[in-house]
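Every chain is numbered from 1, with letters handed out A, B, ... down the list of sequences. Just so it is clear, the structure is predicted and the values come from calculations on it, not from any experiment. Computed from heavy atoms alone, side chains included, the values below leave out hydrogens, waters and symmetry copies.
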Amino acid sequence: MDPNRFTRLSDTAWQLEPTGKMRVPAIIYASEALISEMDDKVAEQACNVATLPGIVQASYAMPDAHWGYGFPIGGVAAFDADEGGVVSAGGVGFDVSCGVRTLHTGLTRECIEPVKPALADALFDAVPAGMGSTGRIHLRDQQMTRMLAGGAAWAVEQGYGEAADLDRIEEHGRMSGAEPQAVSEHARKRQRNEMGTLGSGNHYLEVQHITQIYDPRVADVFGLTEGQVVVSIHCGSRGLGHQIGTEFLREMAVSATRHGIDLPDRELACAPIRSELGQRYLGAMRSAINCALANRQIITHLTRGVFAKVLPEARLDLLYDVSHNTCKVETHGIDGQPRELYVHRKGATRAFGPGHPELPVSLRDVGQPVLIGGSMGTASYILAGTNEGERLSFNSACHGAGRAMSRHQATRQWRGRALVDELAARGILIRSPSLRGVAEEAPGAYKDVSQVVQATHDAGLARLVARVEPLVCVKG
DNA sequence: ATGTGC
């Protein structure tokens, strides 16, 4: 879109003043190059979000923003319940609590290279991937209820992983306020056999090596050094989150008028925070957050099992686990006053700065690890949250590269087999059940993640700490 | 993202 449409607040912040029914401005964080390439739909959707009741400060879009269902993907919006604020299923997205966790291995790239094909095959065998994939865990109803209430803490109780992991997970591995009884039978049924599975689309499990350190002081606290190997897992709440999203979107769309909400776009369906429907959605959505946390915890356990066999000297300690599709109750300073807000992040990563009380003591001095997954075969980045991020975006950053073209368009332009071969020639081993899925995820179908991350850094949303590049990628 | 449309 045309950058001249905006009031330029800085090199990387672009504002649209409130017009029509907008209650607050819309602010997009991006470089001039990124905003020029961005679809007009992003600004249109960010402005639509700015009309919703109880929105505070501004409607935001991150540098990787693109067109989504109702809210842009890469959108951030906070609402105050005291001012009639709303909660929106479309403001969280279908893949509730999709997120990334990164594990240390204690190994260097040299340790991996001789066993790389065996490691790739073993990970592909151990971690089910792809559309409709199921695992070895089958949850009966009572266990499902415990999982939805307990998250990664439940998974650790079941023997998946270690208690020490919980300290490095958002919400200490268990989202409070979950109400499993708000999750439909249908959603539970869809999830029954899907625990410990990656799913499809942009989800993956990657073995990566650290190729650059930008901030040695923070990298030291995060335990990152150049040449070291890490493992990153990107996935969410599978069929359960999707079903919850589908059901509540429908219910919120139907009831918006009854709640006295005037929607500029039906896809912005939402409900007052202080309504039966709003509370029921929050209870179900928090259950889906626990599902995603448990899912990543189980996949971590499966990954540790593979390394124990292939590279027994490895020790997979968790660096951090953070979601990028949530609505969370957080306290933020607004005009010098602390206020409790319902912060929607849809394709936006929470990025708490140094000193935040939610952070584990071991990380608190330097800020939260912000884990940004790149597209298949490209770099990923580890950043740290900032204090200025609170004022800028309620402590939110980008979440990835962001698609530059549709899946359909990508399959016309690339062949899965050729991509796998090209990446293998560059030392990157892809294992996927779907060559079509690989074509849809072609690196060329995404924006350049390094530009997105640089804009995030320049805007002050989060600070660059390290770059990692893939060695092995299990792709859904 | 997703039993890749109910």
Checklist line | Between P of dT2(B) and CG of N193(A), the distance in whole Å | finding: 16 Å

Margin query: In this structure, how many angstroms lie between the P atom of dT2(B) and the CG atom of L240(A), rounded?
Written below: 12 Å

Check: Which part of the nucleic acid does E440(A) contact within heavy-atom distance under 4.0 Å: base, sugar-phosphate only, or nothing?
Finding: nothing

Next item on the list: Give a yes/no answer on whether the side chain of R407(A) brings an N or O atom under 4.0 Å of OP1 or OP2 in dT4(B).
Entry: no

Using distance only, find each side-chain donor-acceptor pair of residues 412-422 of chain A under 3.5 Å and give its atom names and separation, not counting sequence neighbours.
residue: R415(A); atom: NH1; partner: T411(A); partner atom: O; Å: 3.1
residue: R417(A); atom: NH1; partner: D421(A); partner atom: OD1; Å: 3.4

Notebook entry, point to check: How would you label the contact of H234(A) with the nucleic acid (heavy atoms, under 4.0 Å): base, sugar-phosphate, or nothing?
Noted result: nothing

Notebook entry, point to check: Looking at V449(A) and A401(A), what are the two nearest heavy atoms and their distance?
Noted result: CB-CB, 3.8 Å

Check: In terms of the nearest nucleotide of DNA chain B, which residue is placed more toward the 5' end: R250(A) or E441(A)?
Finding: E441(A)

Notebook entry, point to check: Is R168(A) close enough and on-axis enough to Y320(A), meaning under 6.0 Å and within 45°, for cation-pi?
Noted result: no

Next item on the list: List for me each residue that meets side-chain contact (heavy atoms from CB on, under 4.5 Å) alongside E267(A), sequence neighbours excluded, and say none if there are none.
Entry: Y69(A), D265(A)

Margin query: What is the separation between atom CG on N295(A) and atom C1' on dT2(B), rounded to the nearest whole Å?
Written below: 14 Å

Margin query: Once rounded to the nearest 0.5 Å, what's the spacing between atom CZ of R463(A) and atom OG1 of T456(A)?
Written below: 11.0 Å

Checklist line | Separation of dT4(B) C1' from Q409(A) CD (nearest whole Å) | finding: 18 Å

Next item on the list: Using a 4.0 Å heavy-atom cut-off across all strands, classify G201(A) as base, sugar-phosphate, or nothing.
Entry: sugar-phosphate

Checklist line | F94(A) CZ - dT2(B) P separation (whole Å) | finding: 12 Å

Next item on the list: Round to a whole Å and report the spacing from NE2 of H203(A) to C1' of dT4(B).
Entry: 14 Å

Notebook entry, point to check: When the distance from CG of N325(A) to P of dT2(B) is rounded to whole Å, what number comes out?
Noted result: 11 Å

Next item on the list: Let me know the distance between CD1 of I244(A) and P of dT2(B), rounded to the nearest Å.
Entry: 14 Å

Next item on the list: Tell me whether the OP1 or OP2 atom of dT4(B) has a side-chain N or O from S200(A) closer than 4.0 Å.
Entry: no

